[in-house]
Structure formats: structure tokens, C-alpha cells
2 protein chains.
Amino acid sequence: MNKKTSLKDIAQHLGVSTALVSYVINNKEKEARVGADMVKKIRQAVIDMNYQPNLVAKSLKSGQSKTIGLVVADISNPFFSMIARLIEDEAMKLGYVVIFGSSDENAEKSQSLINVYLNRQVDGFIISPTEHTEEQIRAVQKTGIPVVLIDRYFPDFPTDSVRINNKEVSEQAVDHLIGKGRNNIAILTYKTKMAHITDRTEGYKMSLKKHKIKVNKKLICEASYQDIEKDVRNQMLNLFNGEQQVDGIFFATNSLAVLGLKVIIGLGIKVPEDLAIVSFDQSDAFDFFYAPLSYVSQCLQQLVKEAINLLIKRIQQPGKSRNSYESVIVEAKLVTRES
Amino acid sequence: MNKKTSLKDIAQHLGVSTALVSYVINNKEKEARVGADMVKKIRQAVIDMNYQPNLVAKSLKSGQSKTIGLVVADISNPFFSMIARLIEDEAMKLGYVVIFGSSDENAEKSQSLINVYLNRQVDGFIISPTEHTEEQIRAVQKTGIPVVLIDRYFPDFPTDSVRINNKEVSEQAVDHLIGKGRNNIAILTYKTKMAHITDRTEGYKMSLKKHKIKVNKKLICEASYQDIEKDVRNQMLNLFNGEQQVDGIFFATNSLAVLGLKVIIGLGIKVPEDLAIVSFDQSDAFDFFYAPLSYVSQCLQQLVKEAINLLIKRIQQPGKSRNSYESVIVEAKLVTRES
DNA sequence: ATCACTAGCTTAAACCTTTAAGCTATTAAA
DNA sequence: TTTAATAGCTTAAAGGTTTAAGCTAGTGAT
């Protein structure tokens, strides 16, 4: 109702200049040589008048908004909402606030989010990028505002990024299936050229080759992001109705696994007798499947910590390292259970 | 690298005043009687120089940040991340951006989030409040910045709020269990005085009374937010190791259900033969339980739409309706499945 | 030739901070 | 007594916008 009190209000109330009040509020009374009793008077007035600084004005003056822009594919996806939560915690500790947006794997939405955040003068970006957004990222880099990619990355295009060892851990996952005596192993993955996903297929292939198992293209199932439910269903039905005697499957993400498992349940396939399963990432759902799933565990906390550290480093040393970007790789590990 | 172009830059480049540029950019060329060729020149310069408005400066001038502050218990909880996602979509459509924070059911964290958002001049709040935060909400109301509570509410304290018919739908849920021939029905709920939860217990009791079943305090299990896993475990073990022949259970939230189901699986209890179950809210996990759970379905989309509508209405008619707050109740419905 | 209008601009203040530079009165030193 | 230094304040500009008010030159009417 009644407007917020500003520096000016306090200054007028005490009959002094706003400069003086500002110095005291920012604890610069010594540099500015403010008198001891004046300091007291101002401190008291700040309390009495319930002064709260206007961060918008501060931002305008300083050019720092103390805001981080987060762009992910979909904040309602547990994987990303967990990342968001961890980013929020780390950012808060450092006095930053997070604004978020979901790109829905759509380059246009991604661009519009980035634009909005740029106009709002975010101090830095954390982005889990979508296909065909390399130029968007490059444009941000040109502005001098730091960007750190998280989870996803562009191998042919230099950026700061934090991610896991997708290829290696996928290889381990398939090794594990082979170790269980399986040799007709399928992979369900996304139809995408994004490296974090194709790396997983690479790891799958590497494991097969290492074990002298021939790679069968029919066992590499790709579902597109659009109409994902139907697509997974069809891919899975194809897989199990065909002549291939699939005895193992590797799901490239937890979302794919959740959808895939529903089909597996529907078909009455027995796990792990008829089919051994490893998935990427966790899900509450995995614990309720009658044979708790083996999965690749990413330490999201560490991933986020590295991302924030890198971002803050960039924010605090602007201009530096324009031509040297850092890639941080966090080790994921395989958790084996009954499946 | 190179600084963003400002209004001033464009004005200098064309040798005109910033006022003129501002009028054209905001499509007020008619009111301001700007010459037709000048309009063209400015429009072209805006494109050539890639002008992007500084929203921080705009905010300072207008007092409107076009930002909504969202406070929930935990953004990584699927229930809230879905709400966040829906709010994001609605807000984006209207040109608003969302900043979010998690209170962890902690009144102090809630206060600090609210303070940060106030200092950042958010235009409105959407809050799913935690216990003992009535005064915080009241303080926000006093500032004149609109607040809409979502999901949770304070029955004795007037606010704008959007929620579901907790009591009635809980009664229906228990009616359903009774209809299945159960008469030793337990409820697992949180140890809290928040009305959205206690309403569910009320509904449970109402159903029992209606069916002339005596309410047994031993069947009302309350777990505290802190150390929730252990607490649920203990409560459940008590329930099933005691003399009560529990044959039905109503979970007051999906988080409680997920934890509770794990215990039920561990104990080897057969669903629905030995135990019939209804839970509040959905979860991927429910689909994987061998007997797909019956649950109370909230239409979050509608909930969020109502919340945003109400909030925007308040933002656009400031001062109005200071003493008349609105409560919107969205109907939730029972989805019955095998459990 | 004078006046009234109006089209087409500019000026300047305001939003709230921060901070370098400047001012004044007092004190200390010479 | 004069000069220099210092403590303790104020002034004013800057950051990027918006917008009411003011200014100027040209047009048309008288």
C-alpha cells in the first residue's frame, strides 16, 4: 500500500544527503569518513523506516543483476527439476537468484528464452541445450555474458561445459549386461544428434565390439521427442515381435525406461530371466518394478557444483579466458541391482 | 564483449533525441507525432544496430518488473515442478518471467525468499505456504503486491487462494475403500496443522462416520516432514505389526504413498487382497506397482490457470479489492484402478 | 503582414542507487 | 598568524528508460 522507503526518504527524514545514507548502508562509513553518531542515526532510521534496498536500481547502476538464467528442456522432468533445485541452492548461497525456462527441445523457444534473459541482464547462463542452438550459444558468448552448458554439449564447438562420461559409463553398462550372459542386446535411445545421447550409443557399440559381438542396426531403436509415447511403444513392439531374440536392453534415459517398461510389462516379458535391463538415471518408478532396475547414477550435486563454480569464476573474471573454454567431466557410476 | 546498444546510441547515431527513439520503439509514433520518414529511419537503425531494450531500466522507470516470484516447498518434488512448469508457460504467454525458490517447509527460508523477491520488485507472488508463515503473507499483502496461495491455504486468514476440494474428495476416496468392503481403514498423513492436509483427515473421518465406522486414533498415522523416510517406516510397521487388522489405507500425498508402498512391498502384503489402497496425487511409480494404484487426481493445469488469472487480475487492478479476497476451489476427482 | 495552429522535434525530470569530486569548518603545525 | 591537513559532509553525474512539457518553423487563414 504505502510505497517502499528509499534512500531518499531516509535522507530527507534525517536532513542529510542520500550519499551519506548509501555509504552507511553499504558499510563504507570508514572510506567515506562518516561521523560515528551520524552512522548510528542512519542505522536506526534504516530499521525504523524498514528500509529495503531496491535491487532493480542497484542492478541498473552496477550492471550486475545477480541473476542466473537457467534453460532446460523441461523443468517438470525430474532430472531437470533436481538440477534446478541444486542450482537454486548453490546460487542462493552466493546471493544469486535463478530464473528458469523450458525449451521443450525446440530451438525457437530456446532462442526466445535466451533473448528474454539477455534483456533482463542476467549475469550468466546455465543451459542444457537443444539441437541446432549452437549459434544461439555463440551469440551469447559474443556478448561477453558467461554461459556454462550442463549435461548436454556440442563436441565440435568450444564452450564451457560440465557433463558426465557418457561413453565410458554406457560401455560399462553394456559390459555388465554381457557379463550376465546376454548377447542380443538392444538400446532404446532418442532420435537426435546431440552428443550426450549419441555418446551413449557409441559406448554401447564399443562394448559390443570389445566382446566381438556384431552390432545389429535393428537393435538400435531411436524414438523421436515428438510423440514420444507412441514412438517408444512402436519401437518396443517391433523389437520383441521381430525375429531377434533380444535378451538385454539398455535405456539411454530414465524417461525412455519408464515408457519402455510399461510395454515390457504389457507384453509379460520376465525380467531378468528373459530380459536383462540397465537404464540411465534414476526414477522412483524403478524401485517399484518387480525387479528393481540397474541404472547409471549421475551425481547431479557434483555436476551442479562444478557448473556453478565455473560460471561464477567466469562472472568474476570477465573478459578473461575468451578463447579457452573449460570442459569438466564428472564420473557417473553403474549401480547394479536385480534387473 | 561490445556493450549492448542503448536508446542513446541509436539517438546519437541518427542525431536525434532519445525521446523520439523511445516513442517509435514503443509504437507511440502517432501520439508523439513523429514524422513518417523519421519513423522509418529509426526502425531501420533499431534493426541495424541490433537494439534490445534494457528491461532493468524499464523496470526501474515503470515500477513493474514483469516478474513473478514462486515459492514452493521443494521444486524437485514432481508435484511442485509440474506446477512450476505450468506457471512458467502461462506467465511466459503474458510476458512475465518466473523466479523460484524452495522453502523446505521452513518458515525462515520462506521469509528470506520473500524478502529477496520483494527487493527485486516482483509484480506478484504465487506461494504454496509452509506452517507459521501467515505473518509473512500478511506483510506482503500490506505492501500492496498481490499474493495468490496455491494448493495450500490458511482457513482463518483471508487471502487470495486457489486449491482443490480436499475434504470432499478425501471423503470420496475413503467411501470407495468402504465400498470395497473394507472397514479397518488407516490414513497416512503429515504431522502438520496446514489445512490442505488436515482437511484430508477430516474427509477421512467424515466418510467413516457416515458409514457408522468408529474412528480409531491408532489408524491415523502422522509422519513429520523431517526425517520423513524413517518416520513413515516406523508408522507403517506399527500399523501392520499391531493388533489392528488394517485392510485399507489412504495416503494423503504421493510422496507418502511412495515411501509407504516400499514398506508394504517389504512386508509382502498383498494388494488388493489383504490391503486396498488409495493415494492422493499421481506418480510414475504408481503405474509400476503390481496393482496400479487408485488415486485422487488434481487438475494442476486448471489450478495454475486459475492462480495466474487471479494474480494477473490483482496486478492489473492494484488497490482494488483490498478487503475482499477470492478463494477458487478446483474439483479433484477419484480415479479408481486395481488397488 | 499578422495571428493561430500544428507538425515535428527537443528538453528535462523522474525512477533509485553509487561514487568520484568538491566544499567547509575545524584542528594541527610552522 | 598563516598554511596545510583533515574530518565530515554535499553535489552531481551516471546507468537506460519514459513522458509531460516546451520549443521552432512552417502552413493557412484573415
Side-chain angles (χ1 to χ4, degrees), chain A residues 3-43 45-46 49-67 118-123 143, chain B residues 2-43 45-46 49-67 95 118-123 143:
Chain A
K3 274 213 229 83
K4 284 183 60 168
T5 57
S6 69
L7 275 190
K8 216 189 202 170
D9 298 329
I10 297 190
Q12 282 179 347
H13 176 245
L14 294 178
V16 299
S17 71
T18 61
L20 215 51
V21 181
S22 173
Y23 286 127
V24 172
I25 282 172
N26 294 294
N27 298 313
K28 299 195 179 167
E29 62 259 26
K30 266 151 214 160
E31 298 96 301
R33 299 173 310 191
V34 183
D37 32 352
M38 183 52 88
V39 171
K40 269 194 184 171
K41 276 207 286 184
I42 293 175
R43 289 255 151 78
V46 164
M49 305 179 68
N50 187 31
Y51 172 76
Q52 299 290 129
N54 181 326
L55 262 33
V56 170
K58 253 182 155 149
S59 289
L60 178 58
K61 180 80 219 219
S62 68
Q64 295 238 301
S65 63
K66 287 284 182 178
T67 302
L118 279 176
N119 294 349
R120 286 175 182 259
Q121 322 291 124
V122 295
D123 293 341
T143 68
Chain B
N2 17 355
K3 275 212 232 80
K4 286 185 59 171
T5 57
S6 68
L7 274 189
K8 215 188 202 170
D9 297 328
I10 297 190
Q12 282 178 347
H13 176 246
L14 293 178
V16 299
S17 71
T18 61
L20 215 51
V21 181
S22 173
Y23 286 128
V24 172
I25 283 171
N26 294 295
N27 298 315
K28 300 195 176 166
E29 62 259 25
K30 266 153 214 157
E31 297 96 302
R33 299 174 312 193
V34 183
D37 32 355
M38 182 52 87
V39 170
K40 268 194 184 172
K41 277 208 285 183
I42 292 175
R43 288 256 150 77
V46 163
M49 304 178 69
N50 188 32
Y51 171 76
Q52 300 289 130
N54 182 327
L55 262 34
V56 171
K58 255 184 152 148
S59 290
L60 177 59
K61 181 75 219 208
S62 68
Q64 293 239 300
S65 63
K66 287 280 179 182
T67 302
L118 279 177
N119 293 349
R120 286 176 181 260
Q121 322 289 128
V122 295
D123 293 342
T143 68

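The structure displayed is predicted, hence computed values, not measured ones. Note on naming: letters A, B, ... go to the chains in the order of the sequence lines (proteins, then strands), and numbering restarts at 1 for each one.
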Q. side-chain contact (heavy atoms from CB on, under 4.5 Å) with B:Ser62: which residues, sequence neighbours excluded?
A. B:Gln64

Q | A:Asp9, A:Val21, A:Ile25 screened by side chain to side chain contact (heavy atoms under 4.5 Å, CB included) with A:Tyr51, the one that passes | A | A:Ile25

Q. Whole-Å distance between D:dG15 P and A:Leu60 CG?
A. 9 Å

Q.
Can you confirm whether A:Asn119 sits close enough to B:Lys4 that some side-chain heavy atom of one is under 4.5 Å from a side-chain heavy atom of the other?
A. yes

Q | Pairing residues for A:Thr67 by the side-chain contact (heavy atoms from CB on, under 4.5 Å) criterion, not counting sequence neighbours | A | A:Ser65, A:Ile99, A:Val122, B:Arg120

Q) With a 4.5 Å heavy-atom cut-off, do B:Gln52 and A:Leu118 have their side chains touching? A) no

Q | Test side-chain contact (heavy atoms from CB on, under 4.5 Å) applied to B:Lys58 - qualifying residues, sequence neighbours left out | A | B:Asn26, B:Pro53, B:Leu55

Q) Taking atom C1' of C:dT17 as reference, at what distance in whole Å does atom CZ of B:Arg120 sit? A) 15 Å

Q.
What I'd like to find out is whether the side chain of B:Ile10 reaches to under 4.5 Å of the side chain of B:Val46, using heavy atoms alone.
A. yes

Q. Can you check the B:Lys40 NZ to C:dG8 P distance for me, whole Å?
A. 15 Å

Q: Please name all residues satisfying salt bridge (Lys or Arg N to Asp or Glu O under 4.0 Å) with B:Arg43, sequence neighbours left out, ordered by chain then number.
A: B:Glu29

Q: Could you state the atom-to-atom distance from CD of A:Glu31 to P of C:dT18 in whole Å?
A: 13 Å

Q: Check the distance between C:dA7's C1' and B:Asp37's CG and give it to me in whole angstrom.
A: 12 Å

**Q.** End-to-end axis angle, where each axis spans five pairs of the helix from C:dA1-D:dT30 to C:dA30-D:dT1, to 10°
**A.** 70°

Q) How would you label the contact of A:Val16 with the nucleic acid (heavy atoms, under 4.0 Å): base, sugar-phosphate, or nothing? A) sugar-phosphate

Q) What string of B, S and - do you get for nucleotides 17-25 of chain D 5' to 3' if you count protein non-hydrogen atoms under 4.0 Å? A) BBBB-----

